[in-house]
Amino acid sequence: MKAFVLCRYGKKRELRLTDVPAPDLRDDEVLVQVHAASVNQLDSKIRDGEFKLILPYRLPLILGHDVAGEVVKVGAHVQQFKPGDKVYARPDDFRIGTFAEFVAVKASSLAPKPKNLTMEEAASIPLVALTAWQALVEKANLKKGHKVFIQAGSGGVGTFAVQLAKHLGATVATTTSAGNAALVKSLGADVIVDYKTQDFEGVLHDYDVVLNSQDAKTLEKSLSVLKPGGKLISISGPPDPAFGKQIGAPAFVRLAMRLLSSRVRRNAMRRGVDYSFLFMKASGSQLREITRLFEAGVVRPVIDRVFPFESTNEALAYVEAGRAKGKVVINIKSRTFQ
Ligand SMILES: NC(=O)c1ccc[n+]([C@@H]2O[C@H](COP(=O)([O-])OP(=O)(O)OC[C@H]3O[C@@H](n4cnc5c(N)ncnc54)[C@H](OP(=O)(O)O)[C@@H]3O)[C@@H](O)[C@H]2O)c1
């Protein structure tokens with residue numbers, strides 16, 4: 001099969017389009033013909049070598065963390081899926097590889113694709129929607145009447161998180177530049193802060209939850225937005241010791257996480273708020289709940305651009321530039337090259 005492969009770690013290093021064997025299928029996995037994949041910042045970060053300590057991948061590696069496609073074969077222990085089923089997923093770490101014609105996905109990480117979405121729309125969802133779900137539902141237990149500040153409401157995570165938070169009944173504040181204000185308003189944002197002309201910490205007060213996805217300065221400033229007892233959940237670091245424990249990281253990595261997060265943890269404690277780092281994980285059962293939200297029309301996909309398979313490197317570069325409005329998708333099924 002054709003796949004885009006990372007042969008050596010390196011900043012902005014191009015993935016190589018090459019022929020590779022189709023993935024081995026384990027007993028608990030489903031082989032999916034990839035119709036569409038979407039691009040995440042995580043793909044570029046892994047390529048750059050930034051995740052070597054957390055995700056020590058051996059190369060060569062096929063990148064790609066989101067898939068929508070059709071089941072072609074199931075492993076011996078799989079009962080929930082059959083060939084022909086239309087599915088989508090964020091494959092598990094160490095089993096990624098959706099920038100390819102086929103990918104093997106654990107049945108427990110897969111869900112039926114929302115019936116009202118195209119393959120391209122479905123591929124745009126799993127990683128970012130699961131991230132928002134795990135932050136707002138699992139960690140924050142966001143409820144009606146809560147106030148949540150979701151940074152970068154126009155990005156991949158933000159476009160889903162704003163909609164999910166509204167669905168949960170929260171008041172939602174978000175940051176974006178002026179050009180994207182109409183987009184985030186249409187997704188349900190109540191308070192919109194133009195981060196280029198305003199300081200959010202001067203505008204937002206007494207929030208219950210902040211979903212941080214930006215740099216260390218933004219993280220520090222986010223603390224002042226929260227009321228005592230509030231929760232600061234960061235998906236852009238720094239990882240904390242609890243996360244190190246959760247992934248069974250070696251002692252030296254856990255120590256590094258302790259040191260890297262000591263400042264924000266100390267400042268959080270001083271203010272009586274809770275700091276935690278989230279690294280999302282695959283989950284078919286949560287994805288089924290997310291499928292229901294799409295099918296009920298409670299949330300909608302937001303796609304910025306669709307690239308053809310042969311332009312996968314361009315798609316990565318586009319996302320890396322950090323200006324995407326919603327998600328960037330790669331159409332793989334209708335590839336035009338041989
Ligand atoms: N830990 C996890 O499990 C996890 C999961 C998913 C993502 N992440 C991380 O979360 C971050 C966001 O991911 P993403 O996929 O949402 O990114 P993305 O889609 O690439 O974000 C692009 C958007 O960010 C906006 N933006 C850029 N700088 C901003 C700023 N200073 N303030 C507010 N908005 C800003 C841009 O809007 P403008 O053009 O208006 O600036 C653009 O619409 C990345 O670092 C990613 O690696 C982590």
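Remember, predicted model here, so these are calculated numbers, not experimental data. In listed order, ligands and their atoms are each counted from 1.
Contacts between T131 and ligand 1, counted as non-hydrogen atom pairs separated by less than 4.0 Å, involve the side chain only. Counting heavy atoms closer than 4.0 Å to ligand 1, residue N180 contributes side-chain atoms (C-beta onward) but none from N, CA, C or O. Neither the backbone nor the side chain of Q151 has a heavy atom within less than 4.0 Å of ligand 1. For L127, every heavy-atom contact with ligand 1 shorter than 4.0 Å involves the side chain, none the backbone. Contact annotation for K45 and ligand 1: only side-chain heavy atoms (C-beta onward) come within less than 4.0 Å of the ligand.
F200 and F149 have tilted rings, their planes meeting at an angle from 30° to 60° on a 0 to 90° scale. Note: F279 and F51 have tilted aromatic rings, judged against thresholds of 30 and 60 degrees for the angle between ring planes. Classified by interplanar angle (parallel below 30°, tilted 30° to 60°, perpendicular above 60°), the ring pair F4/F309 is perpendicular.
To the nearest 0.5 angstrom, I233 atom CD1 is 11.0 Å from Q134 atom CD.
Looking at S234, S154, S177 and measuring to atom 40 (O) of ligand 1, the nearest heavy atom belongs to S177. The residue among V128, T159, V157 with a heavy atom at the shortest distance from atom 16 (O) of ligand 1 is V157.
Near T176, meaning under 4.0 Å from any of its heavy atoms, are these atoms of ligand 1: 40 (O). Close contacts of ligand 1 with A152, meaning ligand atoms under 4.0 Å from a residue heavy atom, involve 24 (O), 25 (C), 33 (C), 34 (N), 35 (C). Annotation for ligand 1: atoms under 4.0 Å from non-hydrogen atoms of M280 are 2 (C), 3 (O). Contact atoms of ligand 1 toward A324: 22 (C), 23 (C), 42 (C), 43 (O) (distance under 4.0 Å to a heavy atom of the residue). Near G155, the atoms of ligand 1 lying under 4.0 angstrom from a non-hydrogen atom of the residue are 16 (O), 19 (O), 21 (O), 22 (C), 23 (C), 43 (O).
Closest of all the heavy-atom pairs between A170 and D190 is O-OD2, 4.0 Å. Annotation for P126 and L287: closest pair CA-CD1, 4.0 Å, computed over non-hydrogen atoms.
Shortest contact from atom 36 (C) of ligand 1 to any protein heavy atom: G322 O, 3.4 Å. Atom 12 (C) of ligand 1 has its closest protein heavy atom at S213 CB, 4.0 Å. Here the heavy atom of the protein found nearest to atom 2 (C) of ligand 1 is L278 O, 3.6 Å. Distance from atom 19 (O) of ligand 1 to its nearest protein heavy atom, with residue and atom name: G156 N, 2.7 Å. At the top of the distance list for atom 39 (O) of ligand 1, counting protein heavy atoms only, stands R323 NE, 2.8 Å. The nearest heavy-atom contact from the protein to atom 48 (C) of ligand 1 is I235 O, 3.1 Å. Q41 NE2, 2.7 Å is the protein heavy atom nearest to atom 20 (O) of ligand 1. Atom 35 (C) of ligand 1 has as its closest protein heavy atom Y195 CE2, 3.7 Å.
Residue K325 has no N or O atom closer than 3.5 Å to an N or O atom of ligand 1. Residue contacts with ligand 1: L42 is placed with no nitrogen or oxygen under 3.5 Å of a nitrogen or oxygen of the ligand (distance criterion only).
Using a cut-off of 4.0 Å between Lys/Arg side-chain N and Asp/Glu carboxylate O, R265 and D240 are scored as not salt-bridged. Between D208 and K231 there is no salt bridge, since none of the side-chain N atoms of the basic residue sits less than 4.0 Å from a carboxylate O of the acidic one.
Taken together through direct or relayed side-chain contacts under 4.5 Å among Ile, Leu, Val, Met, Phe, Trp and Tyr, V157 and I303 form parts of separate hydrophobic clusters.
Side-chain contact check for D28 and S108: no donor-acceptor pair (N or O, by modelled atom type) lies under 3.5 Å. No hydrogens or angles considered: nothing links the side chains of E101 and Q33 as a donor-acceptor pair under 3.5 Å. Side-chain atoms of S236 and S213 include no donor-acceptor pair closer than 3.5 Å. A donor-acceptor pair shorter than 3.5 Å can be found between the side chains of D92 and S109.
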